[in-house]
Amino acid sequence: MQAQVLPARGSGARLGMEIATTIEATRAQCRAARRAGLRIGLVPTMGALHEGHLSLVRVAKAQSDFVAVSIFVNPLQFGPTEDLARYPRDFERDRDLLKQEGVDLIFAPTVSEMYPTPAITYVNVEGLSERLDGQSRPGHFRGVTTVVSKLFHIVEPDLAVFGQKDAAQVAIIRRMVRDLNMPVEIVVAPIVREPDGLAMSSRNAYLDPKQRKQALVLSVALRCVQESFERGERSAAKLIAAGRKLLEQEPDVRLDYFSVVDPESLDPVEHVACKSLVAVAAYVGPTRLIDNVILRSQPPT
Ligand code: PAF
């Protein structure tokens, strides 16, 4: 369905949620919103929406007047042996959820709309993109920053909301925006967890009941690290050892990394100073999950 032109703010009833599949229709919608004086918020997603995504939408709604959500499973950020083909997709469900949230526009392009010819132009944040997930998923963050740049050019949002769950992605996008002077504010929303602590993720849908229980070890290990930090431990090596020890107790969980890094530069830290990111990635069966926590020292009073 092609998007229509939005009525000016305050000009009576708003149109319902629009769904645009083309770049042209999305641009027309967003430019009309801007001409009407609306502040535009963008929530980039790959669909298969859960409460975590909806929390990003709510943050965007609270800070902008016109919320666009993109749904695009971006092939550029998947490696050749990764789960691109089986990544969960349910457009009708996503559409209904976003409608309930009062989203103004869904941008749901096809792969050929986003990449009419195979991409040969990339945006890459050198150095940062090879850290954490970038180390075990070569090219992943280059794919993310390329598609996010394209989305920023298409929607031209005033702000874009990302989840803290992918803390490396947040650091890399912030750096891209800074280095390329992109006129968009990056807003970060907290991790949303299941009642038992598992961080919400579209990939949780892959877990069978046994793996679902095993997956809990990620958040348990992070909580253990946080508690150790709160008791006064500041050595990154000791904090990592405590987290890894817990993960090793779950033999079907294969650790990818457990790191303590600076949340901006993603450089490893030896001693946790004022603010450090503890990030974990592990395979539960074939499913790769990530989670993290920020450790903050209280400023001296
Ligand atoms: O976080 C995600 O879901 C994706 O990496 C993003 C930001 C939508 C880019 O494809």
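Remember, it's 1-based here, ligands and their atoms both numbered in the order they're listed. In this chain, numbering begins with 1 at the start of the sequence shown. Predicted, not measured: the structure shown is a model, and the values here were computed from it.
- The local environment of CZ in Arg244 is sparse, with at most 12 non-hydrogen atoms from other residues, nucleotides or ligands closer than 6.0 Å.
- Within the 3.5 Å criterion, the main-chain N or O of Lys165 finds a donor-acceptor partner in the side chain of Asn292.
- Heavy-atom distances between Asp166 and ligand 1 stay at or above 4.0 Å for every pair.
- Per-residue contacts place Gln169 under 4.0 angstrom from the following atoms of ligand 1 (heavy atoms of the residue considered): 1 (O), 2 (C), 4 (C), 5 (O), 7 (C).
- Every atom of ligand 1 is numbered from 1 in the order shown, and the set under 4.0 Å from a heavy atom of Gln77 is 4 (C), 5 (O), 9 (C), 10 (O).
- Among all protein heavy atoms, the one lying closest to atom 3 (O) of ligand 1 is Met46 CG, 3.7 Å.
- Within ligand 1, counting atoms from 1 as listed, the ones closer than 4.0 Å to a heavy atom of Pro44 are 8 (C).
- For Tyr87 and Asn74, the side-chain atoms include no donor-acceptor pair closer than 3.5 Å.
- Listed for the Arg288 side chain is no donor-acceptor partner under 3.5 Å among the backbone atoms of Ala281.
- Residue Met176 forms a side chain to side chain contact (heavy atoms under 4.5 Å, CB included) with just one option from Ile172, Leu180, Asp179, and that option is Leu180.
- Ring-plane geometry between Phe162 and Phe152 is classed as perpendicular, the angle between the planes exceeding 60 degrees on a 0 to 90 degree scale with a lower cut at 30.
- Under a 4.0 Å criterion applied to the non-hydrogen atoms of Val147, ligand 1 contributes the atoms 9 (C), 10 (O).
- Only the backbone of Thr45 comes within 4.0 Å of ligand 1, judged by heavy-atom distances.
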